[in-house]
Amino acid sequence: MLGSSSVLVNNQESLHSEWFAGRIIDWQQQYGRCGLPWQGADAYRIWLSEIMLQQTRVATVIPYYLRFVDRFPAIPVLAAESEEMVLAYWSGLGYYSRARNLHSASRIIMQQHNGEFPHQFKDILALPGIGRSTAAAISAFAFHERCAILDGNVKRLLARYYAIDGYPGEQKIEAMLWEKAEALLPEKNVAIYTQGMMDLGATICTRSKPECCRCPVQAGCVAHRNGCVALLPTPRLRKKLPERKTTFLLLRNGSDILLEKHTGRVIWGGLWCPPQLDIQIPGDIESVRVYCRQFFNVEVINVLALPKFLHTFTHFKLHIFPLLIDVAVEDTLKAQETGMAWMGLDDAQCAAIPSPVRKLLQEIQKNCWES
DNA sequence: TATGCGTGGGG
DNA sequence: TCCCCAAGCAT
C-alpha cells in the first residue's frame, strides 16, 4: 500500500512545480523575448519557425524566415511550389532535409488535413521533420496544448537545475530530462511557460557565463547551490573530425556555370553544386583538359586554380580546391541528359545552392577573372 | 556516449 | 586557429 510519506512527496513535488512554473511565467512576462516575428503568428508560421530554429540561432533565422513567409505566405502556396523553389529560399541555412520535409509535409497537409495545419499532437508528430519537441512546441504555441518541449535551452536549464550529470544527448540522460520537463509543466499558461523556458535558457542560463543572479529559479537550482553551474551540462566527448578533400570543377562557358543537382539524402541533397571530384586533382591545364573531354565533352580553354578553402560540416572537414575552367561548349542543352545544367551566374545566385558554392560564385562574378 | 545532416558566431 | 555548439530529426 502507498505510504503517507509517498503522498507527502507527491504533494511537495506538485507544490514545487507550481512555484517553478509561476516564477518562469512571471519572469517571461517581465523579461522574456517579445517581438520575434513568429510570436503570436498562425500555426503555419510557428511550424516554419520551429523547423528553421532547429539547431540554428534566432539571429540567423530571422532574415530567412521573413523572406520565406513573404514568398510562401500560406500552406497551399508552399505545397503548390516545387521542392527546388523551396530549397532556393532555404539556401544557406543548412540542414536541407528540413526544407525537403517541410515541403513534403505541406503536401501531406493538403491531402490529409484539407490544407489546414493539424491541431492534434499525434497528427503533428506524424508529419515529416517534426519530432517530439517540435510537435510539442507547435502544440503549445499555436494551440495552447499542455505539452512539454525539450530543446537545447531546456536541456541546459534542467541539467543545471537538477544537477543532472552526463551528456544530455545520451539516451538515459535525455530520458531523465524529459521526465523533469513533463513534471514541471503547469496546468495553465503553457505557451508563456514554454516561451519562458526557452528565453531563460537563451538569455540567462547560457552555455558560458550564465547570469545566475538574474535567474528567477535560482533559489531552487541544485547546480547553483553546489557551485557546479559551469560544469553542467556535461559536454559531449568529441573525436577529431575526419578530413576530406574535393575539387570543385567550376566550368565556365561565357557567363554560364555548369551545375549538377545532388539527389537523395546526401550532403547538400537537392541542391545544385559544381561537379566534384573527391580528391585534389592537379590544376595543370593538360590534366584538366583530358578529364573535361572525357566527362563533360567540352574543350578546355583555360584553367585557373582559385584559393583553396576549408568548409566544416558537423561530422567532417572538407578541403575544397576550386578550379575555374573556361571551356567552349557548342550545345549547352546537352548537359541536361546527365542531370546537369548550364546556368547564368545571376540565375545560379538565386538557385538552391550551398553556402560555399554561393561564396565561390560571388567571387567569380566580383573578380571577373578573364576567360 | 550511434550516426548523418549545414552553417555561422563566439570564446 | 581551433573548438564549441545553436528552438533536433531520421534512420
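Order of the sequence lines sets the chain letters (A, B, ...), proteins ahead of strands, with each chain counted from 1. All values derive from a computational prediction rather than experimental measurement.
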Using a heavy-atom cut-off of under 4.0 Å over every strand shown, decide if A/R156 touches base, sugar-phosphate, or nothing. sugar-phosphate
If you look at every strand shown and take non-hydrogen atoms under 4.0 Å, does A/V61 touch a base, only sugar-phosphate, or nothing? nothing
Note, A/F296 side chain near A/V327 side chain (heavy atom, < 4.5 Å): no
Give A/L125 one of three labels, base, sugar-phosphate or nothing, depending on what nucleic acid heavy atoms sit under 4.0 Å from its own. nothing
Quick one: is the NZ or CZ of A/K180 closer than 6.0 Å to the six-membered ring centre of A/Y162, and within 45° of its axis? yes
Looking at every strand, decide which applies to A/R132 at a 4.0 Å heavy-atom threshold: base, sugar-phosphate, or nothing. sugar-phosphate
What does A/P235 touch in the nucleic acid at a heavy-atom separation under 4.0 angstrom: a base, only the sugar-phosphate, or nothing? base
Quick one: does NZ or CZ of A/R67 land under 6.0 Å from the six-membered ring centre of A/Y64, within 45 degrees of the ring axis? yes
Checking all strands, does A/G169 fall into the base, sugar-phosphate, or nothing category for heavy-atom contacts under 4.0 angstrom? nothing
At less than 3.5 Å, do the side-chain atoms of A/S355 and the base atoms of B/dG8 form a donor-acceptor pair? no
Please classify the nucleic acid contact of A/I130 as base, sugar-phosphate, or nothing, using heavy-atom distances under 4.0 Å. sugar-phosphate
Base, sugar-phosphate or nothing for A/T314? Non-hydrogen atoms, less than 4.0 Å. base
Could you tell me the separation between the CG atom of A/L237 and the P atom of C/dC4, rounded to a whole number of Å? 10 Å
Taking the six-membered ring of A/W27, is the NZ or CZ of A/R214 close enough (under 6.0 Å from the centre) and on axis enough (within 45°)? no
